[in-house]
Amino acid sequence: MDFIEDQRKVIDDLDAEIIRLLAERMKASKSIGDAKRSGSKPVYAPGREAAVLQRRRELARQHGIDPFFVDRLYTQEIIPESRWLQRHPEEEQLMVKETKKTVLTGMRPTGALHLGHYVGALRNWLKVQHENECYFLIADYQALSDHADDVAGIRQSVMDVAMDWLAVGLDPDLSAFCIQSLIPEHAELTMLLSFITSMSVLDRNPTLKSELRDLEERSTMVTVGFMTYPVSQIADILLPRAHLVPVGEDQLPHIEDTRHIARRFNKMYGEVFPIPVARVGDVGRLVGIDGGKKMGKSLRNVIELRASEDEVRKLVMKMYTDPNRIHSTDPGTVEGNPLFIYHRAFNPDKDEVDDLEERYRTGRVGDVEVKEKLAAALNEFLGPIREKRAYYEARPNLVKDALIAGTDRERVLAKETLRMVKDAMGIASYFD
Ligand code: TRP
């Protein structure tokens, strides 16, 4: 038997043991069985019950196998043999293929969502939700970091964000929609991680730096909570022990920091966290309708997902185009022109876009025609989203149900992680 075969055999034995343990637990947990039979409450089985996981890791250690590696096997992934025997926790991400990963990503509830959110984030989330166990976080604590004076706005936005998520097709039966403040473990883990996060991590984070500059420009008070929000975002990601974080480009520094802190924790106290990887979408990001890189409601340069047909038309007519082109017979520039960036992102009729670009370059089309076609394409795209949003606006209880169910689901996992964290650190068991 060669080495790989030999290792496989060990894993098989481990699996048998785990299955036996699981079976025992299933028998013991009468209440779950009862709940299942009565059909009163959906039973959520993340498949990684903490005790079983710990036991599995323990067995792995006894057999000299990387405990992380065993975690992955638990979700039955396929591991290429060449990678199989490497023992670097970071590498473990590469071994995970075609498997159900845990995904966490989130948004601050600071207003209804717009086309920029769709291109930069939601489109990717829609792609990952089918193959993975997803947690979509409404980070209301993070919103407080610079909106503490507008709690009413945050409250409204929690519902708006959830409705927009539903409207674009995120499915609360597949994915958990979670409210950060309803899971106190977010705050607790933030505090624990703050003790192993160096100030220089925050000093170096370019996203934080640029946001600090923005606050300064608006002469907004910079709070302690704002300075340390990256730590809370690290906790957001590590709390469900996420493997994958689909985000917009601007969030990459936070993911880098998360990887750093996860490694540090694992090294200092024992392996609890997978090292998460970021996934950025293919089209990166949209620009504002004024051509600006930053998009925001306060900048009045966005088209909201809930905008009416008429609003969409009006906003498109106001869009910034090539400023050097005065007459429709002047040759125009397509590159970097918001009109064409939006056409490329939302107009499914590629021939039409090619044709418009060609005529724009050669001065054979007026801005109005390009804009009218864009408004039509956007309205085509937004039609179903608008319809679905109206459906949920009329049924706020469905939205609340989705939020409650999702939050409950994350809370189970959060408790489990916090227990693992405290066990690893050796705290909260001073009297054992
Ligand atoms: N910082 C993100 C934003 O500005 C929101 C967020 C909070 C987040 N927690 C997260 C994103 C965890 C990804 C992962 O929208």
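Quick caveat, the model's predicted, so the values are computed rather than measured. Index from 1, following the sequence.
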Could you state the interatomic distance from [atom1] ([X]) to [atom2] ([Y]), rounded to the nearest 0.5 Å?
X      : Y      : atom1 : atom2 : value
Asn301 : Met319 : CG    : CE    : 10.0 Å
Thr258 : Ile234 : OG1   : CD1   : 4.5 Å
Leu202 : Asp257 : CG    : CG    : 7.5 Å

May I ask you to say whether [X] pairs ionically with [Y], meaning some side-chain N is under 4.0 Å from a carboxylate O?
X      : Y      : result
Asp355 : Arg359 : yes
Arg411 : Asp408 : yes
Arg306 : Glu393 : no
Glu211 : Arg108 : yes
Arg344 : Glu357 : yes
Glu188 : Lys422 : yes
Asp322 : Arg361 : no
Asp354 : Lys350 : no

Check your understanding: Among pairs that include at least one residue of residues 167-218, which meet ring-ring contact (aromatic ring centres under 6.0 Å, His included), considering only residues two or more places apart or in two chains?
Key ->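 Counting only pairs at least two positions apart or across chains, the ring-ring contact (aromatic ring centres under 6.0 Å, His included) contacts touching residues 167-218 are Trp165-Phe177.
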
**Study point:** CD/Glu369: more than 12 non-hydrogen atoms of other groups inside 6.0 Å
**Key:**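 Counting neighbours around CD of Glu369, more than 12 heavy atoms of other residues, nucleotides or ligands fall under 6.0 Å, so yes.
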
Practice item. Verify the neighbour count for atom CZ of Arg279: are there more than 12 heavy atoms of other residues, nucleotides or ligands below 6.0 Å? Key: no

Would you say the side chain of [Y] lies within less than 4.5 Å of the side chain of [X], judging by non-hydrogen atoms?
X      : Y      : value
Val128 : Cys134 : yes
Leu305 : Leu122 : yes
His260 : Thr197 : no
Phe265 : Val272 : yes
Leu170 : Trp125 : yes
Leu113 : Tyr118 : no
Lys373 : Val370 : no
Glu185 : Leu239 : yes

Exercise for review: For the pair Leu174 and Glu133, evaluate side-chain contact (heavy atoms from CB on, under 4.5 Å) and give the outcome as yes or no after the intermediate values.
Suggested key: CA-CA 8 Å; Leu174 291 173; Glu133 186 181 310; over 6 Å; no

For the residue pair [Y] / [X], report whether a side-chain donor-acceptor contact shorter than 3.5 Å exists.
X      : Y      : value
Arg386 : Asn379 : yes
Tyr360 : Asn337 : yes
Ser181 : Asp140 : yes
Gln180 : Gln142 : no

Exercise for review: Please test Arg395 against Val399 for side-chain contact (heavy atoms from CB on, under 4.5 Å), starting from the C-alpha separation and ending with a verdict.
Suggested key: CA-CA 7 Å; Arg395 294 166 185 79; Val399 185; over 6 Å; no

**Study point:** Glu372 vs Arg313, salt bridge (Lys or Arg N to Asp or Glu O under 4.0 Å): CA-CA, chis, key distance, verdict
**Key:** CA-CA 8 Å; Glu372 240 144 36; Arg313 250 188 68 84; 3.6 Å; yes

Revision key, fill the gap. So the salt bridge (charged side-chain N to carboxylate O under 4.0 Å, His left out) pairs with at least one residue in residues 213-230 (sequence neighbours excluded) are Asp214-Lys294

Exercise for review: Output, in order, the C-alpha distance, side-chain angles, deciding distance and verdict of side chain to side chain donor-acceptor pair (under 3.5 Å) for Asn347 and Glu352.
Suggested key: CA-CA 8 Å; Asn347 190 342; Glu352 180 173 277; 3.0 Å; yes

Practice item. Apply the test ring pair (Phe, Tyr, Trp, His ring centres under 6.0 Å) to residues Phe226 and His147: give CA-CA distance (whole Å), side-chain angles for both, the deciding distance (0.1 Å), then the verdict. Key: CA-CA 10 Å; Phe226 186 83; His147 286 77; 9.6 Å; no

Check your understanding: What residues form a side chain to side chain donor-acceptor pair (under 3.5 Å) with Glu256, not counting sequence neighbours?
Key ->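 For Glu256, no residue satisfies side chain to side chain donor-acceptor pair (under 3.5 Å) once neighbours in sequence are set aside.
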
